[in-house]
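Step one of this worksheet: look at the structure below.
Lettering follows sequence order; numbering is per chain, from 1. The figures here come from the full heavy-atom set of this structure, side chains too, leaving out hydrogens, waters and symmetry mates.
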Amino acid sequence: GENVEQHPSTLSVQEGDSAVIKCTYSDSASNYFPWYKQELGKGPQLIIDIRSNVGEKKDQRIAVTLNKTAKHFSLHITETQPEDSAVYFCAAPSGSQGNLIFGKGTKLSVKP
Amino acid sequence: ETGVTQSPTHLIKTRGQQVTLRCSSQSGHNTVSWYQQALGQGPQFIFQYYREEENGRGNFPPRFSGLQFPNYSSELNVNALELDDSALYLCASSQGAGEMTYEQYFGPGTRLTVT
């Protein structure tokens with residue numbers, strides 16, 4: 001089955017800097033890769049996703065890149081703001097059942 | 001458009017008791033997935049319901065069971081509660097089944113504490 005590894009587990013940046021979180025997956029058949037943001041006391045919020053037919057996708061200050069050959073994908077946040085502070089999770093699908101396998105999360109802290 | 005809602009928000013139960021958690025899916029979605037999130041961990045898949053039938057199950061014992069109703073809302077039932085069942089229980093809704101259902105939207109969760 002699918003295995004997802006996420007790094008780093010914690011990341012601290014200054015406001016305005018960029019942040020990058022990386023994930024690797026094991027199943028070469030996986031074709032959908034979402035990123036979730038989870039604030040304290042809330043459920044995960046889908047912030048961006050990418051399918052395996054594209055290599056990069058952008059939405060304002062966030063972007064996701066996918067390297068199918070190396071089986072890794074990354075979340076890029078530019079011009080970070082204090083409200084970007086949260087735990088970020090990457091995920092990949094597990095087989096054909098439709099469920100997601102999540103990484104262990106990255107706690108991002110943006111210091112003003 | 002109405003998002004995913006869950007009830008109750010918080011719940012405290014005693015070991016050995018039974019609990020029922022509820023979820024209403026996002027408007028237009030017909031699939032519901034349940035996840036368990038332990039403190040400091042990513043969500044773990046419990047099971048998924050599509051067209052009122054279980055459509056996949058993770059590595060959870062049979063005392064975790066569920067239902068989906070004709071309006072696509074869902075319940076998660078846990079019998080014989082154990083201390084390790086203390087976690088945030090998340091419901092996610094999506095459209096369709098199989099690969100179509102990967103795009104999942106989560107509710108706020110129910111925080112279950114077992115004492």
Side-chain angles (χ1 to χ4, degrees), chain A residues 1-10 21 23-25 27 29-54 57 59 64 66 73 75 86-108, chain B residues 3-7 9-10 21 23-26 29-51 53-60 66 68 87-111:
Chain A
E2 179 66 276
N3 182 49
V4 176
E5 294 194 358
Q6 182 173 347
H7 300 279
S9 56
T10 61
I21 303 170
C23 286
T24 60
Y25 61 98
D27 187 352
S30 290
N31 58 4
Y32 176 74
F33 305 94
W35 284 92
Y36 288 86
K37 174 184 180 182
Q38 188 173 27
E39 297 175 292
L40 200 61
K42 297 185 177 180
Q45 175 194 3
L46 179 63
I47 57 172
I48 195 167
D49 56 16
I50 191 168
R51 296 185 185 273
S52 58
N53 58 344
V54 297
K57 183 177 178 181
D59 183 4
V64 55
L66 172 64
F73 57 110
L75 177 70
V87 179
Y88 291 81
F89 292 97
C90 63
S94 174
S96 60
Q97 285 187 342
N99 62 288
L100 298 172
I101 301 296
F102 285 81
K104 292 189 175 182
T106 297
K107 183 176 181 181
L108 173 64
Chain B
V4 180
T5 60
Q6 293 185 242
S7 63
T9 306
H10 297 88
L21 311 181
C23 169
S24 291
S25 60
Q26 182 171 310
H29 286 179
N30 58 7
T31 302
V32 172
S33 303
W34 286 93
Y35 291 81
Q36 180 195 67
Q37 186 177 26
L39 205 59
Q41 301 294 317
Q44 281 200 306
F45 176 68
I46 303 174
F47 43 57
Q48 183 182 86
Y49 278 84
Y50 171 65
R51 292 184 176 178
E53 291 193 358
E54 189 177 289
N55 186 46
R57 188 178 184 92
N59 189 27
F60 281 81
Q68 186 180 33
L88 181 68
Y89 288 84
L90 295 162
C91 166
S93 79
S94 53
Q95 178 64 30
E99 294 187 9
M100 292 178 59
T101 198
Y102 293 153
E103 188 173 326
Q104 299 182 4
Y105 295 85
F106 284 84
T110 294
R111 173 70 63 186

Out of curiosity, B:Q48 CD to A:L100 CG, how far, rounded to the nearest 0.5 Å?
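It is 9.0 Å, given to the nearest 0.5 Å.
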
Nearest 0.5 Å, please: how far is CG in B:L90 from NZ in A:K42?
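Interatomic distance, A:K42 NZ to B:L90 CG, rounded to 0.5 Å: 14.0 Å.
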
Structural part of A:P34 lying under 4.5 Å from a heavy atom of chain B:
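Nothing of A:P34, per the 4.5 Å heavy-atom cut-off to chain B.
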
Where does A:Q6 contact chain B at under 4.5 Å (heavy atoms): side chain, backbone, both or neither?
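Neither; nothing under 4.5 Å.
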
Closest heavy-atom pair and its distance - A:F89, B:Q37
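In terms of heavy atoms, the two residues are closest at CZ-NE2, 3.4 Å.
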
Any heavy-atom pair between the side chains of A:N99 and B:Q44 that's under 4.5 Å?
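The answer is no; the side chains never approach within 4.5 Å.
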
A side-chain contact here means heavy atoms from C-beta on lying under 4.5 Å apart; do A:L46 and B:Y105 qualify?
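They are in side-chain contact.
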
I'd like to verify something: which residue of B:P43, B:P108, B:A92 has the highest number of heavy-atom pairs under 4.5 Å with chain A?
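Of B:P43, B:P108, B:A92, B:P43 has the most heavy-atom pairs under 4.5 Å with chain A.
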
What part of B:E103 is in contact with chain A, defined as an atom under 4.5 angstrom from a non-hydrogen atom: side chain, backbone, both or neither?
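For B:E103, backbone and side chain are both near chain A.
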
Could you tell me whether B:N59 atom CG has more than 12 heavy atoms of other residues or ligands within 6.0 Å of it?
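At most 12 heavy atoms, drawn from other residues, nucleotides or ligands, come within 6.0 Å of this atom.
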
Can you label the angle between the A:Y32 ring and the B:Y102 ring as parallel, tilted or perpendicular, going by 30° and 60°?
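Plane angle under 30°, so parallel.
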
B:Y35-A:F102 aromatic ring centre distance below 6.0 Å:
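Between B:Y35 and A:F102, the centre distance is under 6.0 Å.
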
